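Here is the structure we will look at, set down as structure tokens.
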Amino acid sequence: MDAKKLERLRARYGRTNGDLKADVPFREALVQAADSGLHQKKPYGDPPTLLDFPYSKDWTGLDSALVGVPMDLGVTNRPGARFGPRALRAVERVGPYHPTYNLLPAKALRCADVGDVPFRSRFSLEKSIEDIEAFYGKIAAAGLKPISAGGDHSITYPIMKALGAGAPLGMVHIDAHCDTAGPYDDEKFHHGGPFRLAVLDGVLDPDRCVQIGIRGSAELAWAFSYDSGMTVVHMDDFHDMGLPAVISLCREKVAGGPVYVSVDVDGIDPAYTPGTGTPEIGGLTPLEAQRLLRGLAGLPIVGGDLVEVAPQYDPSANTAHVGASMMFEILGLLADLKAKGA
């Protein structure tokens with residue numbers, strides 16, 4: 001071993017703050033983490049919040065809001081996603097540093113867990129849809145970019161009604177299912193049809209929508225996706241095209257306006273996310289989903305969601321961990337935008 005090198009390392013790292021003197025690409029983020037105490041935060045301490053952000057009912061000065069939407073009255077198979085926000089809040093050790101963007105989202109963004117959407121009824125799906133739209137209308141009016149923890153996928157429709165009221169949204173959508181079906185048991189509000197409703201209400205532009213990870217026998221329900229002009233990337237297509245080509249396709253298709261990101265955990269293979277209501281084998285890996293989301297950097301993203309975590313079907317808690325990690329990826333996109341002044 002080089003004696004001078006060893007002497008230098010001992011002089012620097014024999015002290016508790018030696019890492020802060022290292023000439024490494026992430027030095028600034030490391031100093032920020034040390035100054036804020038984020039790297040020493042106990043993951044098992046204090047009341048749990050989404051992505052460990054502070055809990056606050058005061059939206060003053062926020063850039064982004066983390067919101068729980070504990071409602072699963074729209075499921076067609078296994079219920080339980082109403083417990084998703086609670087499970088996602090309990091996940092430890094996601095963040096605080098994002099290595100792709102070399103920043104701490106908590107330092108780049110003013111963000112807080114603002115709690116759950118207040119629901120008037122635990123029984124009425126229609127009233128719940130109205131309550132979600134009203135709550136997100138206030139978020140949109142305050143100029144915040146929400147990242148939401150569902151709940152089943154029916155929650156995305158009223159969120160889009162609020163965020164897309166001024167200009168139709170484009171969308172990058174990771175899912176096993178297109179969720180553009182018509183009425184189910186004579187009910188139009190359900191988790192298999194939010195994007196059909198959003199298009200028909202004029203708040204979602206189908207020509208600027210890409211749906212990725214689609215697979216399974218529910219294909220027969222997705223005529224609306226094709227007829228409306230959405231771009232559907234089945235899992236076979238995903239592997240034939242390759243990740244870089246799919247990212248390029250997303251960036252090309254959603255260009256021209258605000259973009260919303262919606263991630264259903266069943267888009268990821270149930271080997272990694274068994275805790276969901278409608279699992280479909282043959283899905284994305286968590287790494288593929290992460291890299292896909294990171295490929296959206298720089299797009300004008302106005303919000304996103306992670307839905308369909310039903311924790312009782314996964315005693316390992318892996319589904320919630322993957323789900324929280326996907327929320328952190330969306331947060332990273334917003335933090336990167338803010339850091340670059342976009």
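Model, not experiment: these values are computed from the prediction.
Side chains of L296 and C250 form a contact here, defined as non-hydrogen atoms less than 4.5 Å apart. The closest side-chain heavy-atom distance from Y184 to E187 is not below 4.5 Å. Residues S325 and H321 are in side-chain contact: their nearest non-hydrogen atoms beyond the backbone lie under 4.5 Å apart. Contact of the I132 side chain with the Y157 side chain is not registered, since no non-hydrogen atoms from C-beta on lie closer than 4.5 Å. For the pair W222/I214, a side-chain contact is recorded, criterion being any heavy-atom separation below 4.5 Å from C-beta on. Side-chain atoms of L163 and P146, non-hydrogen and from C-beta on, do get closer than 4.5 Å to each other. When side chains are defined from C-beta on, S148 does not count as touching L306, because their heavy atoms never get closer than 4.5 Å. Looking at E308 and H153, their side chains come closer than 4.5 Å, going by heavy atoms from C-beta outward.
At a threshold of 4.5 Å between side-chain heavy atoms, the hydrophobic network of Ile, Leu, Val, Met, Phe, Trp and Tyr places V232 and L197 in two separate groups. Taken together through direct or relayed side-chain contacts under 4.5 Å among Ile, Leu, Val, Met, Phe, Trp and Tyr, L50 and Y55 form parts of separate hydrophobic clusters. Each of L66 and I139 belongs to its own hydrophobic cluster when Ile, Leu, Val, Met, Phe, Trp and Tyr are linked at side-chain heavy-atom distances under 4.5 angstrom.
Around the CZ atom of R86, the shell of radius 6.0 Å holds no more than 12 heavy atoms that belong to other residues, nucleotides or ligands. For K338, the NZ atom sits in a packed shell: over 12 heavy atoms of surrounding residues, nucleotides or ligands are nearer than 6.0 Å. When the shell of 6.0 Å around CZ of R122 is examined, it contains 12 or fewer heavy atoms from other residues, nucleotides or ligands. Sparse packing is recorded around CD of E28, with 12 or fewer heavy atoms of other residues, nucleotides or ligands lying under 6.0 Å away. Counting non-hydrogen atoms of neighbouring residues, nucleotides and ligands closer than 6.0 angstrom, the CZ atom of R120 exceeds 12 such neighbours. Residue F83 qualifies as open at atom CZ: its count of foreign heavy atoms under 6.0 Å is 12 or below. Counted within 6.0 Å of CG on L9, heavy atoms from surrounding residues, nucleotides or ligands total more than 12; the atom is thus considered enclosed. R12 CZ: more than 12 foreign heavy atoms inside a 6.0 Å radius.
Summarising the geometry of I129 relative to P158, their closest heavy-atom pair is O-CB, 3.4 Å, with the distance given to 0.1 Å. Summarising the geometry of S128 relative to S124, their closest heavy-atom pair is OG-O, 2.8 Å, with the distance given to 0.1 Å. The two residues P258 and A167 come nearest to each other via the heavy atoms CG-O, 4.2 Å. For the residue pair P168 and G202, the shortest heavy atom distance occurs at CG-O, 3.6 Å. Residue A65 comes nearest to L144 through the heavy atom pair CB-CD1, 4.1 Å, listed as atom of the first residue, atom of the second, then distance. Nearest heavy atom pair, residue T276 against residue P279, reads O-CD, 3.7 Å.
No hydrogens or angles considered: a donor-acceptor pair under 3.5 Å links the side chains of H191 and T76. No donor-acceptor contact under 3.5 angstrom links the side chains of E219 and H177, judged on distance only. No hydrogens or angles considered: nothing links the side chains of S56 and D58 as a donor-acceptor pair under 3.5 Å. Donor-acceptor pairing under 3.5 Å is lacking for the side chains of D236 and H234. Residues S262 and D305 have side chains that bring a donor and an acceptor to within less than 3.5 angstrom of each other. Side-chain atoms of Q211 and T231 include no donor-acceptor pair closer than 3.5 Å. No hydrogens or angles considered: nothing links the side chains of Y260 and T156 as a donor-acceptor pair under 3.5 Å.
One distance of note links CD1 of I174 with CD1 of I268; it measures 7.0 Å at 0.5 Å rounding. Between atom CD of residue E133 and atom CD of residue E130 there is a gap of 8.5 Å, rounded to the nearest 0.5 Å. Annotation: the span from D19 atom CG to N17 atom CG amounts to 8.5 Å, rounded to 0.5 Å. With rounding to the nearest 0.5 angstrom, the CD1 atom of I212 is 11.5 Å from the CD atom of E288. Once rounded to the nearest 0.5 Å, the distance linking CD1 of I301 with CD1 of I330 reads 8.0 Å. If you take OH on Y97 and CG on L103, they are separated by 8.0 Å, rounding to the nearest 0.5 Å.
The pair D63-K145 does not count as a salt bridge, with every side-chain nitrogen at least 4.0 angstrom from each carboxylate oxygen.
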May I have the step-by-step check of side chain to side chain contact (heavy atoms under 4.5 Å, CB included) for V203 and L169, ending in yes or no? CA-CA 6 Å; V203 296; L169 305 169; 5.8 Å; no

Please report the C-alpha distance between T278 and D266 in whole Å, then the side-chain angles of each, then the deciding distance to 0.1 Å, and finally whether the side-chain hydrogen bond (donor to acceptor under 3.5 Å, both in side chains) criterion is met. CA-CA 7 Å; T278 50; D266 71 29; 3.0 Å; yes

Under the side chain to side chain contact (heavy atoms under 4.5 Å, CB included) rule, what do F224 and C178 come out as? Steps first, then yes or no, please. CA-CA 9 Å; F224 185 88; C178 286; over 6 Å; no

Do M71 and L125 pass the side chain to side chain contact (heavy atoms under 4.5 Å, CB included) test, and can you show the C-alpha distance, the side-chain angles, and the key distance before you say yes or no? CA-CA 8 Å; M71 195 280 291; L125 174 56; 3.7 Å; yes

Going through the distances and angles, do D116 and V67 end up as a side chain to side chain contact (heavy atoms under 4.5 Å, CB included)? CA-CA 6 Å; D116 292 342; V67 187; over 6 Å; no

For E280 and R215, run salt bridge (Lys or Arg N to Asp or Glu O under 4.0 Å): C-alpha distance rounded to whole Å, both residues' side-chain angles, the deciding distance at 0.1 Å, then the answer. CA-CA 7 Å; E280 299 278 3; R215 59 195 188 275; 5.8 Å; no

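Looking only at distances, no side-chain donor or acceptor of R93 sits under 3.5 Å from a matching main-chain atom of P43. A donor-acceptor pair under 3.5 Å links the side-chain atoms of T319 to the main chain of G275, judged by distance alone. At least one donor-acceptor pair under 3.5 Å links the side chain of D72 to the backbone N or O of A81. Between the R110 side chain and the L62 main chain, no donor and acceptor come within less than 3.5 Å of each other. Of the possible polar contacts, none joining the Q290 side chain to the T285 backbone as a donor-acceptor pair under 3.5 Å is found. At least one donor-acceptor pair under 3.5 Å links the side chain of R208 to the backbone N or O of A255. No side-chain donor-acceptor contact under 3.5 Å links D269 to the backbone of Y272. The closest donor-acceptor contact from the side chain of R82 to the backbone of V69 lies at 3.5 Å or more, if one exists at all. Under a 3.5 Å cut-off, the side chain of N102 and the backbone N or O of P25 do form a donor-acceptor pair. The main-chain N or O of P194 is never found under 3.5 Å from a side-chain atom of D179 such that the two would form a donor-acceptor pair.
Partners of D336 under the salt bridge (Lys or Arg N to Asp or Glu O under 4.0 Å) rule, at least two apart in sequence or in another chain, are K340.
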